[in-house]
Amino acid sequence: MPEGPELHLASLFVNKVCNGLVFTGAVEKSTVSKNTDVPFSCPEYTISALSRGKEVKLILTPVDDGSEGIHIIFRFGMSGCFKFTPEDQIPKHAHLRFYTKDTPQWILCFVDPRRFGTWVVNGSWQPERGPCVMQEYEKFRDNVLNNLSDKAFDKPICEVMLNQKYFNGIGNYLRAEILFRLQIPPFMPARTVLEALKNPNQKPLGLL
DNA sequence: GTAGCATGCCAAC
DNA sequence: TTGGCCTGCTACC
């Protein structure tokens with residue numbers, strides 16, 4: 001599931017299903033998860049989401065009472081996703097659970113069978129990760145083209161595309177699909193491929 | 001039953 | 001650079 005586009009879709013999904021809903025009580029963590037507890041409990045709060053590259057931010061906002069909200073940064077590992085289900089249908093591997101106030105209760109769950117996913121309470125977007133390839137296109141492009149002297153670009157393009165400092169959101173499937181569709185030999189040196197994009201007359205390649 | 005594989009990091013060597 | 005973290009699924013014996 002999770003490369004940049006899926007993380008972005010996850011944020012849209014959260015915003016869609018949580019729109020207009022009020023959540024209540026504590027955020028529950030599964031006993032098996034090694035991730036941190038989420039020390040947040042509130043009689044009434046709302047949930048919204050943002051995404052950036054391969055991260056999603058959940059924002060928990062108390063209704064009315066003026067208390068402090070929190071946010072949680074998620075990385076999905078190999079199998080993370082959000083699901084929204086009735087109380088009697090909580091899926092297996094639901095490691096973090098947010099309960100609606102309405103009855104019947106519905107639960108927003110962070111589901112992650114392999115448990116490679118992580119979350120950080122009140123964390124920031126990982127500072128080493130570059131701009132989002134989808135939502136910060138110009139910044140992403142500039143970050144690559146203005147730093148081609150970085151030794152990171154000594155490597156083949158297929159390796160560099162997994163470097164989240166420059167390609168935040170690209171994963172194994174996407175790099176393969178992109179290089180195939182653009183007919184770029186995967187082991188061509190990255191700098192050779194990317195230098196060409198500095199020329200404004202260069203026929204644009206799909207990625208940049 | 002078992003081997004092999006899976007969209008990602010992350011820390012120890 | 002390598003191994004570790006995990007579960008679930010499929011192909012094969």
Side-chain angles (χ1 to χ4, degrees), chain A residues 1-15 28-38 49-58 71-85 89-97 107-137 140 143-144 147 150-187 189-190 193 205-208:
Chain A
M1 209 331 222
E3 294 185 26
E6 286 82 16
L7 281 273
H8 183 61
L9 287 173
S11 74
L12 297 183
F13 171 76
V14 168
N15 287 329
E28 286 186 358
K29 181 170 77 84
S30 73
T31 51
V32 68
S33 172
K34 293 175 182 170
N35 278 302
T36 175
D37 286 325
V38 178
L50 298 170
S51 76
R52 179 178 186 264
K54 254 181 261 182
E55 297 181 304
V56 166
K57 180 191 288 190
L58 274 200
H71 65 264
I72 310 169
I73 300 277
F74 288 84
R75 288 180 288 280
F76 281 12
M78 294 281 273
S79 61
C81 65
F82 281 104
K83 291 185 179 174
F84 190 62
T85 70
Q89 291 173 42
I90 296 178
K92 205 173 172 182
H93 309 299
H95 298 300
L96 213 52
R97 302 184 291 269
I107 296 100
L108 180 70
C109 303
F110 177 66
V111 180
D112 183 15
R114 298 184 70 182
R115 276 183 268 150
F116 292 174
T118 58
W119 62 78
V120 181
V121 176
N122 286 334
S124 51
W125 301 119
Q126 263 190 331
E128 318 84 63
R129 307 183 79 100
C132 178
V133 297
M134 299 177 56
Q135 295 185 283
E136 302 176 283
Y137 176 80
F140 150 65
N143 187 44
V144 170
N147 289 289
D150 189 328
K151 60 177 169 42
F153 294 99
D154 294 351
K155 295 179 178 177
I157 186 66
C158 66
E159 285 186 43
V160 176
M161 287 178 74
L162 296 179
N163 183 341
Q164 302 298 297
K165 181 176 174 183
Y166 294 108
F167 295 88
N168 185 9
I170 302 299
N172 187 37
Y173 277 1
L174 275 176
R175 69 156 173 184
E177 196 65 31
I178 289 164
L179 292 173
F180 171 72
R181 293 193 190 192
L182 297 179
Q183 292 294 292
I184 296 170
F187 292 95
V193 177
L205 298 174
L207 181 62
L208 295 172

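Order of the sequence lines fixes the chain letters, A, B, ..., with proteins taken first and strands second; residue numbering starts at 1 for each chain.
- Taking atom P on both nucleotides, B:dC5 is separated from C:dG3 by 15 Å, rounded to a whole Å.
- Contacts between residues 113-127 of chain A and DNA chain C, defined by a heavy-atom separation below 4.0 Å, involve A:Pro113, A:Arg114, A:Arg115, A:Phe116, listed by number.
- Put simply, the side chain of A:Ile90 reaches to within 4.5 Å of the side chain of A:Cys109, judged on heavy atoms.
- Separating the CD1 atom of A:Ile178 from the C1' atom of B:dT7 is a distance of 12 Å, rounded to the nearest angstrom.
- Rounded to whole Å, atom C1' of B:dT7 lies 14 Å from atom CE of A:Met161.
- No side-chain heavy atom of A:Asn35 sits less than 4.5 Å from a side-chain heavy atom of A:Phe74.
- Close to B:dT7, at under 4.0 Å from its OP1 or OP2, lies no side-chain N or O of A:Lys54.
- A centroid separation of 6.0 Å or more is found between the aromatic rings of A:Phe82 and A:Phe13.
- Side chain of A:Tyr173, nearest nucleotide from B:dT7, C:dT7, B:dC9: B:dT7.
- Residues A:Asn168 and A:Phe140 are not in side-chain contact: their nearest non-hydrogen atoms beyond the backbone lie 4.5 Å or more apart.
- Here B:dT7 presents its P atom at 15 Å from CG of A:Asp112, a figure rounded to the nearest Å.
- Contact annotation: A:Lys92 side-chain N/O to C:dT7 OP1/OP2 distance is not under 4.0 Å.
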What are the atom names and distances for every N/O pair under 3.5 Å that joins the protein to nucleotides 2-4 of chain C?
none

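- As rounded to whole Å, 17 Å separates atom P of B:dG8 from atom CD of A:Glu128.
- As rounded to whole Å, 6 Å separates atom C1' of B:dG8 from atom CE of A:Met78.
- Inspection of the A:Asp112 and A:Ser79 side chains reveals an N or O donor paired with an N or O acceptor under 3.5 Å.
- When the C1' atom of B:dT7 is taken as reference, atom CG of A:Leu179 falls 15 Å away, rounded to whole Å.
- More than 12 heavy atoms of other shown residues, nucleotides or ligands fall within 6.0 angstrom of atom NZ in A:Lys29.
- Within 4.0 Å of A:Arg129, counting heavy atoms only, lie sugar-phosphate atoms of the nucleic acid but no base atom.
- With a 4.5 Å cut-off on side-chain heavy atoms, A:Leu174 and A:Phe167 do not count as touching.
- Considering only the side chain of A:His93, C:dG8 comes nearest among B:dC10, B:dT7, C:dG8.
- Looking at A:Thr31, A:Val111, A:Val32 one by one, the single match for side chain to side chain contact (heavy atoms under 4.5 Å, CB included) with A:His95 turns out to be A:Val32.
- C:dC5 atom P lies 16 Å from atom CG of A:Asn35, rounded to whole Å.
- A:Ala152 approaches A:Asn163 most closely through the heavy-atom pair CB-ND2, 3.8 Å.
- Residues A:Ser33 and A:Trp119 have side chains in contact (heavy-atom distance under 4.5 Å, counting atoms from C-beta outward).
- Here, B:dC13 and C:dC5 have their P atoms 13 Å apart, quoted to the whole Å.
- Nucleotide B:dT7 holds its C1' atom 16 Å from the CD atom of A:Glu55, rounded to whole Å.
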